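Quick note: numbers below take in every heavy atom, side chains included, and nothing from hydrogens, waters or symmetry partners. Owing to the predicted nature of the structure, the values given are computational and were not obtained by experimental measurement. Here is the naming used below: chain letters follow the sequence lines, and residue numbers restart at 1 for every chain.
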Protein chains: 2
Amino acid sequence: MRTERLPTLEDVARIAGVSRATVSRVINGIRNVDPQLHEVVWDAVGRTGYVPNRLARSLVTRRTGTVALVVSDSESHDDDPFMSRFFADPYFGRVVGGLMSVLRRRGVQLALQIVGTDDGRKRLVGDLRNGQADGAIVLSLPAVDPLPRMLTEGGVPAVLIGRPAEPVPIDYVDLANDTGAALAAEHLLARDCQRIGMISGPADVPASSDRVAGFRRALARRGHGWVPIESGNFTRDSGEAAMRALLAGHPHLDGVFVANDLMALGALAVLREAGRRVPEDVAVVGFDDSSAAVAASPALTTVRHPLEDMAAEAARLLLARIDDPGMRVSSVIYEPALVERESA
Amino acid sequence: MRTERLPTLEDVARIAGVSRATVSRVINGIRNVDPQLHEVVWDAVGRTGYVPNRLARSLVTRRTGTVALVVSDSESHDDDPFMSRFFADPYFGRVVGGLMSVLRRRGVQLALQIVGTDDGRKRLVGDLRNGQADGAIVLSLPAVDPLPRMLTEGGVPAVLIGRPAEPVPIDYVDLANDTGAALAAEHLLARDCQRIGMISGPADVPASSDRVAGFRRALARRGHGWVPIESGNFTRDSGEAAMRALLAGHPHLDGVFVANDLMALGALAVLREAGRRVPEDVAVVGFDDSSAAVAASPALTTVRHPLEDMAAEAARLLLARIDDPGMRVSSVIYEPALVERESA
DNA sequence: TCGGGGTTGGAGAGCGCTTTCCGAGTGTTA
DNA sequence: TAACACTCGGAAAGCGCTCTCCAACCCCGA
């Protein structure tokens, strides 16, 4: 039962007939301890079933062996349909998987934190400064988010996944979203598409605006000075709506780049409904190479987003910064690649 | 910078001109404190920017305000392709979303823990008993897992998601998998399918064997004494393989129940490849109602698995047990429902 | 005026651990 | 043999907080 007191260092020391300090030294492998005592101590540890208390240890060492995964949401009502959607999206899971792949083997724990209000952010930073965790990986959802700056100002080691909207001296990993979009543009051009459109994400999210910019630039370089764009919010439904609008305004469209796979799914449905064959009548290129891309029919040609690798790199960066807070601020940009399937 | 010492209770007390105890009482709202002092203290808190140190507090209160989400894996090699697949699967995210929906508003944190070895399990239980977290939500993947028993024996409040393979006195939430499978069977029969097959999950996982049993029983009750079954391991690829095998042995199949949506996606691909129309030639029913179901084409008729609700209930159960460890052990079984779309 | 009950603030003892400081013991060199 | 440098174990001071005592005080009725 929970009630019975667990063995402490003190207990082990008593049984081993040494001092608390010695037991601590043996357990942490710090300094040389006489091999005989060494054995006696481990024996006592085994007999008592002693397990060090992490809390107590952290209190004095100022190290917790935990990093926080912070999801920074915009002002969200307490019961929050968006959040559940966010978690169900493969995006979240891929990030967690990538993080865990490096944290796990270093024995570091991951604690999930969600903040939706400025008050929450303030409390979070306070807790982190107090050593609640050794550092933070930040997934920032709002277009403009004060959290990254608050973290650097608080001296909390942190790494963003995705470039911050406004410049802040903080480590981050990101994808070359513009290059990815250019890849999509060139693929459509190579297929000889003439009337090309795009479905974008929200304009104020950096990842989204970069995709628009990259796409536009690549097309412009090849003589397509103007591209019709409809925007959605990265959900399937918004993809449907945007495709409908695009089709209404430009019925002769023969190619479309959709800024994420989920919206592309919606777009495919609308195109099918409208009697357009994909890719024969309209070629479709998605973005992310999520599991949805291969589930779609026709399977989606899409831009691969190596999210797991990026998350893993973010974890490595964070651990490095925790070890050496003076490290130069750095960012790592991943190059996307086009994955050709059936839709374009 | 991290180096500058953060204000402590002591500092606040000094500034407010009272004792540490008084500040503590004001902050925790415990006992009456003279309204004047009350104000002075809060004022000092504001001026210093004091934030209580959770670690120190937890050390003495024996409460952390954190619950662990434990993913118990079977012996896994350190670099583990399976785990990343697991996280990318919507299953994980849906559970996290469900848990957070109740934990968040209670101000409880979630810490992610992965254990793959018995040694890891032992350490985990030790840490939990030491107050690393107040309790645990357990996602047990191996068919037979010692962890649930270890937790109850260690007196750690814990709730499983999914029935334990062997009986253990522990709280859990589960889905009536057999009923869900029966729903699928009846739907196929109602469509007048005559030659029905099934693609199951691994035989030793309770959720999987329950689905097989429920499906068989329901068909048997309607005169179908024997059903061809191929098994996969819940991945898309294994669904493809199983469908191929099924089709090879039973080319005249006109209905198939697939034990999860991901495998159903694979099955659909194989059927299309084989020139079978769905649902005209072969009706397909999936299981889970994951996001894959609506992305599929034709959209998947499937059995809804209210995972978010179950996870939320698990969180509630856990919090209740933490509050009252003497509480009677209970389990909550959710009823599935058939979601009819295009594939059957 | 005095005693008793009820408040309220402060002193201080921990929670379980690490780590500095010190002194005792050992071996090495002159 | 003395002087020195090392090595290694123990005592004890915290880490930042909570909470039990206890003393001081107030108000009231007798």
Expressed as a whole number of angstroms, how long is the span from Arg57(A):CZ to dC17(C):C1'? 8 Å
When Thr22(B) and Leu55(B) are each assigned the nearest nucleotide of DNA chain D, the 5'-most assignment goes to Leu55(B)
For DNA chain C, whose closest nucleotide is more 5', that of Arg62(B) or that of Gly17(B)? Gly17(B)
Can you measure Gln132(B) atom CD to dC15(C) atom C1' for me and round it to whole angstrom units? 16 Å
For the backbone of Gln36(B) and the side chain of Asp34(B), can you confirm whether one donor and one acceptor N or O come within less than 3.5 Å of each other? yes
Just the rounded figure in Å: distance from C1' of dG9(D) to NE2 of His38(A). 14 Å
At less than 4.0 Å, is any side-chain N or O atom of Asn130(B) found next to OP1 or OP2 of dG16(C)? Yes or no. no
For Arg20(B), which contact category applies under a 4.0 Å heavy-atom criterion: base, sugar-phosphate, or nothing? base
Using OP1 and OP2 only, check whether a side-chain N or O of Arg63(B) sits under 4.0 Å from dT18(D). no
Whole Å only: how far is the CZ atom of Arg14(A) from the P atom of dG9(D)? 20 Å
Have a look at Arg25(A) and say if it touches a base, only the backbone sugar-phosphate, or nothing, with a 4.0 Å heavy-atom cut-off. base
How is Leu37(A) classified with respect to the nucleic acid when contacts are heavy atoms under 4.0 Å: base, sugar-phosphate, or nothing? sugar-phosphate
To the nearest angstrom, the CD-C1' distance between Glu10(B) and dC17(D) comes to 11 Å
Let me know the distance between CD1 of Ile27(A) and P of dT19(C), rounded to the nearest Å. 13 Å
Using only side-chain N and O atoms of Thr8(A), determine if any of them is under 4.0 Å from OP1 or OP2 of dG16(C). no
In terms of relative ring orientation, are Phe92(B) and Phe92(A) parallel, tilted or perpendicular, with 30° and 60° separating the classes? parallel
Asn28(A) or Ala21(B), whichever maps to the more 5' nucleotide of DNA chain C: Ala21(B)
Mind calculating the distance between CG (Asp34(A)) and P (dT26(C)) to the nearest angstrom? 11 Å
Distance, rounded to the nearest Å, where Asn53(B) contributes CG and dC17(D) contributes C1': 8 Å
What's Ser24(A) touching, base or sugar-phosphate or nothing? Going by heavy atoms closer than 4.0 Å. base
Close side-chain approach of Arg63(B) to Asp134(B), heavy-atom, < 4.5 Å: yes
Could you tell me the separation between the CZ atom of Arg57(B) and the CZ atom of Arg62(B), rounded to the nearest 0.5 Å? 15.5 Å
Determine, stepwise, if the pair Thr48(A) / Asp11(A) fulfils side chain to side chain donor-acceptor pair (under 3.5 Å). CA-CA 8 Å; Thr48(A) 52; Asp11(A) 299 325; over 6 Å; no
